[in-house]
Amino acid sequence: MEKIRINASVDYDVLIDSGLLKEAGELIFSALLPASGVSATDPLAARRQAENTTAVIVSDDNVFPLYGEALKNSLAGSGYKTIEFVFPHGEKSKSLNTYGELLEFMCDSHIRRSDMIVALGGGVVGDLAGFAAATYQRGITFIQIPTTLLAAVDSSVGGKTAVDLTNGKNQVGAFYQPRLVICDTDTLSTLPPEEYSCGCGEIIKYAVLESEEFFDELLQKPVCTQYEHVISTCVKMKKAYVENDEFDTGLRMKLNLGHTFGHAVEACSGYSILHGQAVAMGMAAVTKAASEMGLCSKETLVRLLEILDVYKLPSEIPYGLDEMFEVTLVDKKNSGSVTNLIVPTAIGNCRIMKIQTEKLKGWLEEGGVR
Ligand code: NAD
Ligand code: GLY
């Protein structure tokens, strides 16, 4: 098992291995023990405390039928009571509406500050459940069990939680770290192929940001044949960003590589283009623009397009220049006249460039958007 310690405002472990779901109860029990106020030498008192704790399992209607029962059994085996809140899958559920329903459900179920939320699912579940955990009674214990590749390598780690507003993604949220992340790589076996590709999009992002060697590994051996290695490599990279810049005011912005134009693609598509696919298009566009402007070599672009193709990820933005620029402006209107654009200078190296927001149109054009 890989165990990666994240030292942020809350210190916690990210555990990565196959078969962890059935051990989730004991893993959570052990992780919560130090802060429980109960002595580790008094196992009966610790067990009594677990028996007084309710785990609110938050999941979606694809994931819960697959893995909910195993998680419930494991939590019950460690003494926890469980209740579940299952909502329709998809980005549309990452809303104030679902968030409100979850809070009302917890209140009606008499959930207290000493109870906990366990998120079982992808980034939508984790972001929504995390925001509920951050705000219910001013904050209750939060555990992440990511079941998509994207959530395993990115969203479950680092404490960004949020829901969307009608006209803006992630517009309401909080930084709120989980107390434990349990990544059971077996759950990835049921991922639909396009969700696998999306996770690979975020993994390629880490390689372009940080490591040519990792980039080459991804080309030589498919991600699905080396999940534990790939996920732990990405989590270690993310760890450095989170520990240096937990609240996203500097270095952590680099994790937005491909996201400036990617968010616009998602919005233009009415969210029918998936996040990882949009990030792939965004990375391709910004790298093409960088290569046209002489900020990186043509070879960098060719290599990026090659790996996107290998992982069946799109690289062409299917929307026009005016439409893309308009949506980019809407996306940026609350963050001022300067955009921090993440620009690859080589495979394994990127820089943050401060661009006047109106100049992004030129970047889109150089990036092949007509
Ligand atoms: P998702 O949670 O919608 O999951 C994608 C689909 O896969 C859903 O239909 C889900 O039901 C299904 N699914 C999940 N696990 C499965 C499994 N094991 N087997 C079969 N089906 C499964 O989306 P996602 O791609 O995981 O996450 C995208 C979200 O994450 C977006 O809202 C994005 O904004 C957010 N995000 C957050 C952060 C962060 O730092 N908090 C980072 C990146 C992305
Ligand atoms: N996914 C971007 C971040 O966590 O900062």
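Counting convention: from 1, in listed order, for ligands and their atoms alike. Predicted model only: the values in this text are computed from it and were never measured.
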- Task: Run the numbers on Ser78 and Glu26 for side-chain hydrogen bond (donor to acceptor under 3.5 Å, both in side chains), then give the verdict.
- Result: CA-CA 6 Å; Ser78 296; Glu26 278 311 279; 2.6 Å; yes

- Message: As a quick check of understanding, evaluate side-chain hydrogen bond (donor to acceptor under 3.5 Å, both in side chains) for Asn73 and Lys22, giving each step before the final call.
- Response: CA-CA 8 Å; Asn73 288 339; Lys22 60 181 185 306; over 6 Å; no

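The nearest heavy-atom contact from the protein to atom 5 (O) of ligand 2 is Arg252 NE, 2.7 Å. Closest to atom 3 (O) of ligand 1 among all protein heavy atoms lies Val124 CG2, 3.3 Å. Annotation: atom 15 (N) of ligand 1 to nearest protein heavy atom, Thr147 OG1, 2.8 Å. In terms of protein heavy-atom proximity, atom 21 (N) of ligand 1 is nearest to Pro192 CD, 3.8 Å.
Per-residue contacts place Leu66 under 4.0 angstrom from the following atoms of ligand 1 (heavy atoms of the residue considered): 19 (N), 20 (C). For ligand 1, the atoms sitting less than 4.0 Å from at least one non-hydrogen atom of Thr190 are 17 (C), 18 (N), 19 (N), 20 (C), numbered in the order shown with element in parentheses. Set against the non-hydrogen atoms of Thr187, the atoms of ligand 1 under 4.0 Å away are 17 (C), 18 (N). Interface atoms of ligand 2 facing Leu255, defined by a heavy-atom separation under 4.0 Å, are 2 (C), 3 (C), 5 (O). Of all atoms in ligand 1, listed by their number and element, those nearer than 4.0 Å to a heavy atom of Lys94 are 31 (C), 32 (O), 33 (C), 34 (O), 35 (C). Residue Asp60 approaches ligand 1 through these ligand atoms, each under 4.0 Å from one of its heavy atoms: 10 (C), 11 (O). Residue Lys169 has at least one heavy-atom neighbour below 4.0 Å for each of these atoms of ligand 1: 31 (C), 32 (O), 33 (C), 34 (O). Here is the list of ligand 1 atoms found below 4.0 Å of a heavy atom in Tyr67: 18 (N). Each of the following atoms of ligand 1 lies closer than 4.0 Å to a heavy atom of His89: 9 (O), 11 (O).
To the nearest 0.5 Å, the span separating CD1 on Ile317 from NZ on Lys288 amounts to 11.0 Å. If you take OG1 on Thr339 and CH2 on Trp363, they are separated by 11.5 Å, rounding to the nearest 0.5 Å.
For atom 31 (C) of ligand 1, the nearest non-hydrogen atom from the set His275, Glu202, Glu91 comes from Glu91. Counting only non-hydrogen atoms, the option in Gly199, Gly123, Ala152, Ser189 that gets closest to atom 24 (P) of ligand 1 is Gly123. Between the choices Asp127, Thr148, Leu150, the shortest heavy-atom distance to atom 44 (C) of ligand 1 belongs to Leu150.
Checked by atom type and distance alone, the side chain of Glu246 pairs as donor or acceptor with a backbone atom of Ser9 at under 3.5 Å.
For the pair Arg370 and Tyr319, the NZ or CZ position fails the cation-pi test of under 6.0 Å to the six-membered ring centre and within 45 degrees of the ring normal.
For the side chain to side chain contact (heavy atoms under 4.5 Å, CB included) with His259, the qualifying choice from His275, Glu266, Met283 is His275, the only one to do so. Only one option out of Thr225, Leu219, Leu218 pairs with Lys221 in a side chain to side chain contact (heavy atoms under 4.5 Å, CB included); it is Thr225.
A heavy-atom separation below 4.0 Å is found between Lys238 and ligand 2. Between Asp154 and ligand 2 there is a heavy-atom distance shorter than 4.0 Å.
Aromatic rings of Tyr99 and Phe131 (six-membered ring for Trp) have centroids within the 6.0 Å cut-off, being under it.
Taking a cutoff of 4.0 Å between a charged side-chain nitrogen and a carboxylate oxygen, Lys160 and Asp127 do not qualify as a salt bridge.
Under 4.0 Å from ligand 1, the heavy atoms of Val63 that appear belong solely to its side chain. Contact annotation for Lys238 and ligand 1: only side-chain heavy atoms (C-beta onward) come within less than 4.0 Å of the ligand.
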